[in-house]
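Taking it in order: structure first as structure tokens, then the write-up.
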There are 2 protein chains.
Amino acid sequence: MAVTLADVAARAGVSSATVSRVLSGGYPVAGATRSRVLRAVAELEYVVDGPASALAAASSDLLGILVNDIADPFFGIIAGAVQSELDSGADASVPHKLAVVCNTGGSPERELTYLTLLQRQRAAAIVLTGGAVEDPAHRASLAARLRRLTAGGTRIVLCGRPPLDPPEPGTEAAAVPEAGPVAEPAVRPVPAARGRGARRLARGAVLTVAFDNRGGAHALTEHLLTLGHRHIGYIAGPSERTTTRHRLAGHLAALAAHGAAGPDRAERLTVHAGGYDRSCGYRGTVELLCRAPETTAVLAANDTVALGVCAALRDAGLRVPQDVSVAGFDDLPFSADAAPGLTTVRLPLQEAGARAGQLALGTRPAPPGGTTTVPHALVVRTSTAPPRAGA
Amino acid sequence: MAVTLADVAARAGVSSATVSRVLSGGYPVAGATRSRVLRAVAELEYVVDGPASALAAASSDLLGILVNDIADPFFGIIAGAVQSELDSGADASVPHKLAVVCNTGGSPERELTYLTLLQRQRAAAIVLTGGAVEDPAHRASLAARLRRLTAGGTRIVLCGRPPLDPPEPGTEAAAVPEAGPVAEPAVRPVPAARGRGARRLARGAVLTVAFDNRGGAHALTEHLLTLGHRHIGYIAGPSERTTTRHRLAGHLAALAAHGAAGPDRAERLTVHAGGYDRSCGYRGTVELLCRAPETTAVLAANDTVALGVCAALRDAGLRVPQDVSVAGFDDLPFSADAAPGLTTVRLPLQEAGARAGQLALGTRPAPPGGTTTVPHALVVRTSTAPPRAGA
DNA sequence: CTGTTAGCGCCTTCAA
DNA sequence: TTGAAGGCGCTAACAG
């Protein structure tokens, strides 16, 4: 069907091995031979056969990126940043790697399916983005599959989700069953630094770029408390997700620190709307207003949800921020231009994605312990203000 | 390194050919044998080697998607829709295809590079989304590469860009040089319908799902004219792009039809801001207000740009829509929730992506002539209103 | 520096 | 219905 290495070799009057060497680079080839080969390649419009070379070299130049929803800029930004690392890392001779973006739709089964598919393609690395599903059974099978992947030499990077193992501190870790027969930890704690070697993790380690969701939500809630709000509603994202739980935990912690709400009140003011899209924000707000009309501020699971919150508030005849303050999370591009400008927490998505990409490519040394947490920043705009005097 | 077909065969007590047949499906295998094989597969946790099977079968299950900017929901939505077709088309036995999303950043060179990369991977199909760069040289090399791809059996689908060939009607087609030595048209006009066969295009055809950018812009401009606006600014997207040019053409055509503006005035009111992001909208508006303070309405290249327009207007102390009306294009999800709600033109991105995916997979018959144009719909919200009496 | 020689793991005739 | 055998196009020793 197509022109092969042998064709090029014949045309250039050399062996196919030589052609391969010219094309792969990193191997001494006489200048004259090299240019002859290159000319033959150009004349024949030869294109390497990826599958064949992957088979022979037992490696591929595919990098997988798992996202919950590619239509959501949150993931688009991260995916784009990861991918731009692939390009920048490649000089002329080294072939670019290709990003395979997989849309899980938030489904655990799909996540597993895509992982298998990527394993089949012998992907060089895989970046898993976004919050993880917390179901213990899924955790276990995910861990098992990742272990098999790393054992096969595939680099795994988690971006925007907590490290796989050990179970997160401060949670009901004991309730999570062991991950099956091969329960050896994927990431061993790194011993104390001992020179340069300390930065090198065992092969098979799962690296993590984590977001400080808890801290961000804490900061946001404190901001509202400082403004004088005491009835703060919270529209939570999909349940059973690390991101959702951490943000909510930060919120509740800040509330508790201020003695601002007993657990019962916090619960009444928390609506689980079930998703990360604007309609969840809308519906959640309708329910919240019904449940707790005294609400003077609403924290949304993310910026997109916050947009829905604002819409619901407007439709209910409430002004933002005069009647009700609203805040989001993530600081997606549109948040700056919303009217009013959305107070939110900025997560350095771009940078996190770039780091994850570098870790996946091995362009960047692994952080000590295998986990980096990127900082958050409170961004105060005009959607939050002190509550009305009468409230 | 990994479990191979032979291992499975040994374990199941059959030949590797049999295992292959069980796994590939579509070949008669005794029930008992089949289940024995399947059990061995499960016990060994066998995963097919993609590269190896691609090499042997001379086909791969990769589908490429080229986008200008994956962080832009416009592309995210399309890419997601394409990908969802991949999933739905796969029953248990047929392996899912994997989507390779490539971010060109709008760069023609990268577009070509990615095409080569995908050719190397022997991608089964490629969907090119978004407006095309109009530079004749690039057009030619793009056409050449696509021709080679289709010749190799890769299906090509254009989504949201005009058909490749023949050159678009009503343009300076003669100025575009022929596409090199192999200038045979990629898509031949289909002869008149002759039963079912009429829907079948020649192998190697490039299929297209086009947007009616011209019609949409026309409708939008008419809407503003009908409201009474006579000084309508236009913030255009990046130049040399089909999308930009078509939208602008529709706008100007509507203006001309109403006799609303001579070409000189239209030119003064048109700002080429150079991109599709909000900052272009902002900067473009600043320039527009300076150039033509009498402006009572602004049409933006797309919704994202429109957000920037609104911001600039607000910062200039102008209210939307009381002082200036604003309209976008695309009807991205956030547009409904903007304040005020954005008047725009809805493009069925989801549906277009799904169609493109189906065409790429061959799940859907090719449309007559190879091109479908999806409809647009004017969506009137509150960002447009009649001009003030004084204006 | 370059050619020769084996495979990589799977699919696919061809026989049985 | 199943097995045996060759080859897909390339890379990676190993000689020369």
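Residue numbering restarts at 1 for every chain, and letters A, B, ... go by the order of the sequence lines. Bear in mind the structure is a predicted one, so any value in this text is a computation, not a measurement.
With values rounded to the nearest 0.5 angstrom, A:D61 atom CG is found 6.5 Å from B:L117 atom CG. Atom CG of A:L164 sits about 7.5 Å away from atom OG1 of A:T208, to the nearest 0.5 Å.
Between the side chains of A:H138 and A:E111, at least one donor N or O sits under 3.5 Å from an acceptor N or O. Residues B:D49 and A:Q121 bring no donor and acceptor atom of their side chains to less than 3.5 Å of each other. A donor-acceptor pair shorter than 3.5 Å can be found between the side chains of B:S15 and B:T18.
Here the C1' atom of nucleotide C:dC1 and the CZ atom of A:R34 are 13 Å apart, to the nearest Å. Distance B:D61 CG to C:dC11 P: 11 Å, rounded to the nearest Å. Atom OH of B:Y46 and atom C1' of C:dC10 are 7 Å apart (whole Å). In this entry the distance linking CG of B:L23 with C1' of C:dC11 reads 12 Å, nearest Å. A:L44 has its CG atom 14 Å from the P atom of D:dG9, to the nearest Å. A straight line from CG of B:D49 to P of C:dG7 spans 18 Å, rounded to a whole angstrom. Protein atom CG of B:L5 is 12 Å distant from nucleotide atom P of C:dT12, rounded to whole Å.
If you check every strand for non-hydrogen atoms under 4.0 Å, A:L55 touches a base.
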Between N or O atoms, less than 3.5 Å apart, protein on one side and nucleotides 3-7 of chain D on the other: list the pairs.
from  : atom 1 : to    : atom 2 : distance (Å)
D:dG3 : OP2    : B:S15 : N      : 2.9
D:dG3 : OP2    : B:S15 : OG     : 3.2
D:dG3 : OP2    : B:T18 : OG1    : 2.6
D:dG3 : N7     : B:R21 : NH2    : 2.7
D:dG3 : O6     : B:R21 : NH1    : 3.3
D:dG3 : O6     : B:R21 : NH2    : 3.4

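Contact between the side-chain N/O atoms of A:S20 and the OP1/OP2 oxygens of D:dT11 is found at a separation under 4.0 Å.
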